[in-house]
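Report on the following structure.
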Amino acid sequence: MRFDVEKAKNVQTLLAPRIVERDMFVYPPRNVAGVDVAYLEDYAIGAAVLMDYEGLYVIETAVAAVKVDIPYVPTLLAFREIPAMAKAVKRLRSRPDVLLVDAHGKIHPRRLGAASHLGLILGIPTIGVAKKHLYGRDLGGNIVNGNEILGRKLDRGIYVSVGHMVSLDTAVKIVEKLRLYSLPEPVRRAHKLADKVKNMVKLGELDLEKIVDEGLNGVFS
DNA sequence: GCGACAG
DNA sequence: ATCTTGTCGC
């Protein structure tokens, strides 16, 4: 067993105290990016879409792929997804002011969901945006655990929580503004991009190995 | 022991 | 997350 579950949990417990819950960027942000991952066999394809916060137009996109060894274990998703997400974000030529991650942030048993973990590793403000419940109790829209507020559940079943370097109120404000559809645009587009690349690789229209060592950049819409 | 369990 | 066809509706 190359993946030590207990050790991974200890890493989360150790890193959680480093999360900053204050806005460490100028609000409103100039631009925001969304990241997501798609899987194809034993590879993870990460996609990042950078958009203008006010105009909601795409500035640039980046795709990266990495081989994945780690299995999916509930609450330890970060260890499986972060390599691909981090690589995609780093391939962006501009550094996003805020990053929206398709995963939970503080809504996590040890307060370090993948969105928080990624923000800590990249040193970029992050917001957790998830579609399903993972942890905590719903108390009138607030996801709580005892007296602690971990995040918020918005309409259409979207969970928002602090990733890193952002307050919950600001995180919610940003997500709401970017919600043209259920998911905030940057995340929805990153999901579509990762999915599209995955299918193109399947159809032989793209070479996965080439994406693994060179990545893919674009300036689409 | 039982149920829950992001992507 | 992934697999997987058609179908209903704006």
Side-chain angles (χ1 to χ4, degrees), chain A residues 3 5-6 8-9 11-13 15-16 19 33-49 63-89 99-121 126-139 142-146 150-154 156-164 168 171-172 175 180-184 186-203 208 211:
Chain A
F3 184 57
V5 172
E6 289 313 309
K9 290 182 178 177
V11 168
Q12 296 179 324
T13 300
L15 296 179
I19 293 301
V35 274
D36 193 22
V37 178
Y39 293 90
L40 180 54
E41 292 166 5
D42 49 349
Y43 282 90
I45 300 170
V49 176
V63 174
V66 297
K67 193 157 193 170
V68 288
D69 300 291
I70 297 162
Y72 166 64
V73 178
T75 75
L76 299 180
L77 175 68
F79 296 90
R80 180 175 163 80
E81 301 212 323
I82 282 184
M85 295 194 292
K87 196 172 177 184
V89 174
L99 194 55
L100 286 92
V101 185
D102 187 32
H104 284 293
K106 190 177 181 180
I107 300 175
H108 180 279
R110 288 168 294 286
R111 312 297 184 264
L112 196 84
S116 298
H117 201 150
L118 180 64
L120 215 45
I121 286 177
T126 58
I127 294 173
V129 181
K131 319 171 207 62
K132 293 179 183 174
H133 170 273
L134 167 68
Y135 177 78
R137 194 160 73 72
D138 187 335
L139 227 188
N142 279 319
I143 301 304
V144 308
N145 180 246
L150 307 178
R152 199 157 298 155
K153 182 174 183 178
L154 308 185
R156 288 177 282 179
I158 292 300
Y159 297 80
V160 177
S161 61
V162 169
H164 184 38
L168 180 57
V172 170
V175 169
L180 264 42
Y181 296 101
S182 186
L183 284 173
V187 173
R188 189 179 71 85
R189 297 205 185 210
H191 185 291
K192 285 183 59 181
L193 178 55
D195 190 59
K196 183 183 179 183
V197 169
K198 180 192 71 178
N199 286 309
M200 285 180 77
V201 168
K202 276 194 182 181
L203 296 174
L208 185 55
I211 299 175

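Letters A, B, ... mirror the listed sequences (proteins, then strands); counts begin at 1.
- For DNA chain B, there is no stem of at least three Watson-Crick or G-U pairs with distances under 3.5 Å.
- Looking at Q12(A), its side chain does come within 3.5 Å of a backbone N or O of T75(A) through a donor-acceptor pair.
- Between Y135(A) and H104(A), the ring centre distance reaches or exceeds 6.0 Å.
- Atom OH of Y39(A) is separated from atom P of dT2(C) by 9 Å (rounded to the nearest Å).
- Note: NZ (K196(A)) to C1' (dT2(C)) measures 21 Å, nearest angstrom.
- Within the 4.0 Å cut-off from OP1 or OP2 of dC5(B), not a single side-chain nitrogen or oxygen of K131(A) is found.
- In terms of phosphate contacts, K132(A) brings no side-chain nitrogen or oxygen within less than 4.0 Å of OP1 or OP2 of dC5(B).
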Salt bridge (charged side-chain N to carboxylate O under 4.0 Å, His left out) evaluation trace for K192(A) with D195(A): CA-CA 5 Å; K192(A) 285 183 59 181; D195(A) 190 59; over 6 Å; no

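- Spacing between atom CZ of R80(A) and atom P of dA1(C) amounts to 12 Å, rounded to whole angstrom units.
- One N or O on the side chain of S161(A) and one on the backbone of K106(A) form a donor-acceptor pair closer than 3.5 Å.
- Aromatic ring pairs are classed by plane angle as parallel below 30°, tilted from 30° to 60° and perpendicular above 60°; the pair H117(A) and F79(A) is perpendicular.
- Counting to the nearest Å, the P atom of dA1(C) and the CG atom of N199(A) are 13 Å from each other.
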Protein proximity profile, nucleotides 5-10 of chain C - base contact B, sugar-phosphate-only contact S, no contact -, cut-off 4.0 Å on heavy atoms: ------

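- Put simply, CG on L100(A) and CG on D36(A) are 11.5 Å apart, with the number rounded to the nearest 0.5 Å.
- With values rounded to the nearest 0.5 angstrom, L112(A) atom CG is found 9.0 Å from R110(A) atom CZ.
- Using a distance-only test at 3.5 Å, with no hydrogens or angles considered, no donor-acceptor pair links the side chain of R80(A) to the main chain of L77(A).
- T126(A) places no side-chain N or O within 3.5 Å of a backbone atom of L99(A) that could act as its donor or acceptor partner.
- Residue L76(A) is classed as a base contact, given a heavy-atom separation below 4.0 Å to a base.
- Side-chain N/O atoms of H191(A) include one lying less than 4.0 angstrom from OP1 or OP2 on dA1(C).
- Residue K198(A) places at least one side-chain N or O closer than 4.0 Å to OP1 or OP2 of dC3(C).
- Rounding to whole angstrom units, NE2 of residue H133(A) and P of dA6(B) are separated by 9 Å.
- One interatomic measurement links the two molecules: OH of Y159(A) to P of dA6(B), which rounds to 10 Å at whole-angstrom precision.
- Taking atom CG on D195(A) and atom P on dA1(C), their separation rounds to 9 Å, with Å as the unit.
- Within the 4.0 Å cut-off from OP1 or OP2 of dC5(B), not a single side-chain nitrogen or oxygen of Y135(A) is found.
- Note on A114(A): a base of the nucleic acid sits closer than 4.0 angstrom, heavy atoms only.
- Within 6.0 Å of NZ in K131(A) there are more than 12 heavy atoms belonging to other residues, nucleotides or ligands.
- If you take CG of L134(A) and P of dC5(B), they are 9 Å apart, rounded to a whole angstrom.
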